[in-house]
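Along the sequence shown, the residues carry numbers beginning at 1.
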Amino acid sequence: MTIRFLLLAAIAISTPLVSAAKPNIVLIMADDMGYGDLSCYGATELQTPHLDRLAVEGRRFTSGYCSASTCTPTRYSLLTGTYAFRKEGTGIAPPNSPAIIQPDTVTLPSLLKEAGYATAVIGKWHLGLGGKAGPDWNGALKPGPLEIGFDHCFLLPTTNDRVPQVYVEDHRVLNLDPADPLWVGNKKPDDDHPTGITHRHTLKMDWSHGHNSTIHNGISRIGFYTGGHAARFRDEDLADAWVERSIAWMEAHRAEPFFLFFSSHDLHVPRMPHERFQGKTRLGFRGDAIVQLDWCVGALMQALDRLQIAENTLVIFCSDNGPVLDDGYEDGAVEKNGSHRAAGPFRGGKYSVLEGGTRTPFITRWKGRIQPSVDDHAVVCTIDLPASLAALTEVPLPDDACLDSHNVLGALLGEGDTKGREHLIQQDNGRGGNYGYRVGKWKLQRHDAKRARNVVVENKLANTPVPRYRLFDLAEDPGESRNLMEEHPDIAQKLIAELEAHLARGRTR
Ligand code: NG6
Ligand code: CA
């Protein structure tokens with residue numbers, strides 16, 4: 001046998017029979033959407049026909065999670081595949097935050113780029129921009145998404161309740177007039193600068209806590225800014241702009257495999273949906289924002305149909321954290337909530353390690369490949385997308401990257417090994433030391449702060465004193481109301497030790 005023959009034989013053995021599947025991937029992330037916020041997850045106070053259809057055409061997960069109950073840590077771990085509590089500085093990012101994910105980190109988009117994908121993020125970023133000194137708003141905004149694997153970005157830099165209200169396209173603020181430079185800071189730029197405190201009477205939506213600094217579009221925000229007037233957008237137009245940009249980008253890249261991360265701002269505060277959605281639900285702007293997001297999903301799906309690529313596109317829908325009603329503005333969310341249960345059957349919500357904080361809607365659809373109308377009970381998490389999509393596209397995952405991302409591709413597609421995760425660690429914000437740990441039906445809560453943060457009690461957030469550890473049986477008690485620590489000390493001790501080992505080991509993959 002010649003060496004050449006041996007080489008060919010080796011290649012034949014290592015090459016799979018079917019070539020790597022390279023469907024387009026459209027990842028849609030909602031902001032602050034709870035398990036019970038969609039009609040396909042039990043909501044009756046509003047209808048979400050486009051998302052319901054997505055669920056009917058695909059798999060609806062009943063144990064789909066994000067990894068944290070606030071935005072920045074979930075997004076950090078979605079992109080890096082590593083739990084955010086392992087890294088300093090991954091809590092809710094302020095307006096002038098530098099880039100949190102360092103250039104050249106192995107990320108979900110960098111893995112897909114390696115697989116030959118065109119990659120883009122359109123929508124909310126909230127993972128910082130720029131080097132150590134923070135964003136250079138009037139110059140090149142880097143590092144940012146383009147330095148960690150995205151070819152293109154069109155962003156809201158942080159959250160829309162934080163300044164500034166401008167789009168960032170690739171490395172620049174869009175439409176910035178150099179004669180009117182943009183300044184962003186955390187102190188009043190001058191004594192006369194109007195704020196939500198001094199000019200409260202002029203606001204079109206009042207604040208309830210925080211959010212009382214610079215005013216733009218009749219809404220006061222977190223942080224201060226001046227200038228950049230030509231670049232500023234109206235809150236009402238965000239969703240439309242992102243849908244339009246997304247469709248144009250998909251159309252331009254229809255001939256190659258593409259990965260689009262559509263990062264919605266709905267239903268985060270300030271909830272200011274487009275006028276055509278205002279008043280569409282009985283739930284006030286919070287409900288109207290859900291309907292607006294549902295419309296966005298419909299428009300994106302319609303574009304896939306028109307471009308005739310729906311059968312070659314894996315769509316994943318998820319949320320970045322659980323729900324909150326009053327998150328700092330008087331938008332009627334509490335008063336108009338009625339019998340709506342934003343977290344579905346779960347307790348807790350945004351900021352909490354109870355199930356409501358991270359168990360969120362999770363849907364996968366791939367027409368012609370994923371069997372439709374299936375309810376899947378496997379545990380899957382947004383943090384698993386790097387390993388799972390690397391497996392789908394047959395890109396090797398380096399051993400020292402994506403340290404907590406588990407390959408749950410079988411569950412996502414409903415093929416082969418569909419059992420999903422064996423365990424999942426949930427966190428709240430930053431490295432505050434509150435964790436949830438789910439293994440099968442068991443859920444351990446660990447509250448180093450000895451307080452369960454922001455558990456919703458009668459529609460208001462409350463900080464309830466709790467013991468450090470609590471144990472629940474989610475099969476019997478999804479609302480985490482009956483602490484079983486004393487009834488099952490053996491199980492509790494086992495889970496406590498496991499969680500400690502996962503934290504200490506620095507990785508779970
Ligand atoms: C909090 C804000 C809240 C929201 C959250 C981040 C106040 C009083 N509260 O600090 O409104 O912006 O940060 O939300 O300012 S997240 O979904 O991006 O994590
Ligand atoms: Ca969020």
Side-chain angles (χ1 to χ4, degrees), residues 29-32 68-76 84 89-101 121 123-130 133-138 141 144-145 153-168 173-174 176 182-189 193-197 203-229 231-239 241-242 263-272 285 289 320-321 324 326-331 350-351 429-430:
M29 183 172 257
D31 199 344
D32 297 4
S69 57
T70 57
C71 168
T72 303
T74 282
R75 286 157 200 264
Y76 172 84
T90 50
I92 298 171
N96 271 331
S97 169
I100 292 173
I101 304 174
V121 52
K124 166 171 162 175
W125 182 238
H126 210 185
L127 286 167
L129 292 168
D136 174 7
W137 295 105
N138 301 289
L141 286 162
C153 68
F154 186 81
L155 309 171
L156 164 72
T158 55
T159 53
N160 210 17
D161 58 342
R162 286 172 176 72
V163 295
Q165 278 52 62
V166 296
Y167 295 120
V168 170
V173 170
L174 183 70
L176 187 66
L182 176 61
W183 173 88
V184 177
N186 53 17
K187 284 205 188 82
K188 235 178 156 169
H193 185 81
T195 67
I197 296 174
L203 301 177
K204 72 175 170 195
M205 187 166 67
D206 201 0
W207 49 273
S208 58
H209 51 278
H211 304 109
N212 52 23
S213 303
T214 292
I215 301 172
H216 169 67
N217 193 25
I219 300 167
S220 49
R221 323 267 169 168
I222 301 173
F224 298 90
Y225 71 125
T226 58
H229 288 88
R232 299 188 187 190
F233 57 69
R234 259 179 16 121
D235 307 66
E236 291 86 340
D237 299 326
L238 267 187
W242 290 342
S263 179
S264 172
H265 191 263
D266 290 318
L267 38 160
H268 197 284
V269 297
R271 301 172 184 125
M272 189 49 66
F285 282 177
D320 73 336
N321 52 253
V324 57
D326 177 356
D327 207 14
Y329 289 98
E330 297 287 355
D331 58 10
K350 185 173 182 175
Y351 313 111
N429 182 36

With salt bridge (Lys or Arg N to Asp or Glu O under 4.0 Å) as the criterion, how do K204 and D235 come out once you've worked through the C-alpha distance, each side chain's angles and the decisive distance to 0.1 Å? CA-CA 12 Å; K204 72 175 170 195; D235 307 66; 5.7 Å; no
Short question: side chain of H209, backbone of W207 - any donor-acceptor pair under 3.5 Å? no
Considering only heavy atoms from C-beta outward, does the side chain of L155 approach that of P145 to under 4.5 Å? yes
Distance-minimising heavy-atom pair for D320 and C71: OD2-CB, 3.2 Å
Considering all heavy atoms, the nearest S264-R75 contact: O-NH2, 4.3 Å
Does any N or O in the side chain of T72 come within less than 3.5 Å of the main-chain N or O of A93, such that one atom is a donor and the other an acceptor? yes
Using a strict 4.0 Å threshold on nitrogen-to-oxygen distance, state whether R271 and D32 make a salt bridge. no
Could you tell me whether a side-chain N or O of T90 sits under 3.5 Å from a main-chain N or O of A84, the two making a donor and an acceptor? yes
Please say whether more than 12 non-hydrogen atoms of neighbouring residues, nucleotides or ligands are located less than 6.0 Å from CG in N186. no
Any chance you could measure Q165, atom CD, to D237, atom CG, to the nearest 0.5 Å? 12.5 Å
Answer whether the closest heavy-atom distance between the side chains of S220 and L203 falls below 4.5 Å. yes
Keeping the roles fixed (side chain from T70, backbone from Y351), state whether a donor-acceptor pair exists under 3.5 Å. no
Can you tell if the side chain of V163 reaches within under 4.5 Å of the side chain of F224, non-hydrogen atoms only? no
Do K124 and N160 pair up side chain to side chain, a donor and an acceptor below 3.5 Å, judged on atom types alone? no
Find the distance between OG (S213) and CZ (R221) and round it off to the nearest 0.5 Å. 11.5 Å
